[in-house]
Amino acid sequence: MTSPLFDSVPGFDQPIAVLKHCHDKIRKQLSTLQNLPGHLAQHGNTAEAQQAARAVLQYFNKAAHLHHDDEEQDLMPMLQATATGDDAALLATLVPDILADHQRMDQAWLALRPALDAIAAGTGTQLSAAGVHDYAAAYQAHMSKEEGQLAPMAKRLFSAQQMEQLGTAMQRRRGIAPDAPAAAAPPARPGPSAALTAMRTDYVQSSLSETDVLADPIAQFQKWFDEAVQAQVIEPNAMDLATVNADGKPSSRIVLIKQFDERGFTWYTNYASDKGQQLEHNPHAALLFFWRELERQVRIEGTVVKTSAAESDEYFNVRPLQSRLSAIASQQSAPIADRAALEANYAAVAAAIGEAQPPRPAHWGGYRLQPKRIEFWQGRRSRFHDRIVFTRGADGQWSLQRLQP
């Protein structure tokens, strides 16, 4: 008896077989996950353990959710649209059950992932054997339910055209262009608008409930900011600042937050700039942090005031020398002939200052947004995001509420 040189992978013209193939890969990753606690207890965090943790993380962070989306967005809706009689009655119970399975498995995965992240990074040695057992058991039961009920029903009810529709949707979800019929003319290249409408990312990393957030929104922001730094988000202190001019026209730009506490959120800039002039006429503004790597946003609205001269001096004096000279040399937002003129202004200021410490110019300093509303946004699957908003009342106390996505 001979064995094949490689496992046969079904094509998307057999979408139910592809789903079963996905289950097989999930079972292999679950087996790896189940072996990890014993390996760690016996051998510690070895290179092999780190490699295993990375493999499990890679699969369950991304690939497993494609399989869930195949079911939620295509397979089950197509079955519900096709089934009648006893099949429809079964789906009325089975579909909510499977959706609840997905939710439970997502929550169980979120509980396991921090320990796996630490193991993969070589800094952790603990992984809950009970948590792994419960997660694996839930997944195994879930897959058995799909293989024993959903898959046979699809094979029995779907036409060839429906199977093709399901396979095409699965391909597109994975960024694979469906094969064109052999006799068909080459498909027209999609225009930019068509490509743009197809761009989407499903958010799968985390969730946010009312019980997750701290009672103080500033403390909650500190928690999320620390997690953004830990996750090596690119410039976690970058935020969009939106202001409105005297004519009611909005504008926005990216600035860097330099301090936050119970008083508010602070940044520094040229008071004579466009944003400075707009804040002079209308002190109401909004900030937005977007931490893509964590699939999170924080939206902050409030009233802006200037920081004290002493605070502005303190921050200005710890800036790099070149940045201080630039603040003196540049009339921010004002037109200039060319880059050469800008460089000449800088050279003139540097020459005039010499070896002395550059003084803070009067037109440069800090702004502090005093928040009245802070929203924490966590991306979720199928655009069903979590939104928790804090609003400050007249008495200065914060109230919490969930918003619909």
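Positions are given from 1, in the same order as the sequence printed here. Only heavy atoms go into these numbers, but all of them, side chains included; no hydrogens, no water, no symmetry mates.
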For this session: Decide yes or no on side-chain hydrogen bond (donor to acceptor under 3.5 Å, both in side chains) for T307 and S312, but give the supporting numbers first.
Result: CA-CA 7 Å; T307 62; S312 295; 3.0 Å; yes
For this session: May I have the step-by-step check of ring pair (Phe, Tyr, Trp, His ring centres under 6.0 Å) for F221 and F376, ending in yes or no?
Result: CA-CA 8 Å; F221 182 87; F376 296 91; 7.1 Å; no
Problem set entry | Intermediate values then yes/no, side-chain hydrogen bond (donor to acceptor under 3.5 Å, both in side chains), H43 and E48 | CA-CA 10 Å; H43 305 289; E48 185 181 3; over 6 Å; no
Exercise. Does the pair E146 and H142 meet the rule for a side-chain hydrogen bond (donor to acceptor under 3.5 Å, both in side chains), with working shown?
Worked result: CA-CA 6 Å; E146 292 175 344; H142 173 75; 2.6 Å; yes
Problem set entry | Working for ring pair (Phe, Tyr, Trp, His ring centres under 6.0 Å), residues F60 and Y135 | CA-CA 12 Å; F60 287 105; Y135 181 64; 5.6 Å; yes
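Taking 4.5 Å as the limit, some side-chain heavy atom of R380 sits within range of a side-chain heavy atom of S207. By the 4.5 Å heavy-atom criterion applied to side chains, F316 and P361 are counted as neighbours. The shortest side-chain heavy-atom distance between Q378 and E295 falls under the 4.5 Å cut-off. Proximity of L33 to Y139: side-chain heavy atoms (C-beta onward) are nowhere separated by under 4.5 Å. With contacts defined as side-chain heavy-atom distances shorter than 4.5 Å, the pair K28/S31 does not qualify. Within the 4.5 Å cutoff, side-chain heavy atoms of D87 are placed close to those of L157.
For R392, there are no salt bridge (charged side-chain N to carboxylate O under 4.0 Å, His left out) partners at least two apart in sequence or on another chain. Checked against side-chain contact (heavy atoms from CB on, under 4.5 Å), N237 has the following partners two or more places apart in sequence or in another chain: F225, E235, L256, I257, K258. Under the rule for a side-chain contact (heavy atoms from CB on, under 4.5 Å), the partners of A120 that lie at least two apart in sequence or sit in another chain are A53, R54, L57.
A donor and an acceptor atom, one from each side chain of R373 and T391, are nowhere located under 3.5 Å apart. Between the side chains of D226 and Q222, at least one donor N or O lies within less than 3.5 Å of an accepting N or O. D212 and S209 form a side-chain donor-acceptor contact under 3.5 Å, judged by distance and modelled atom types alone.
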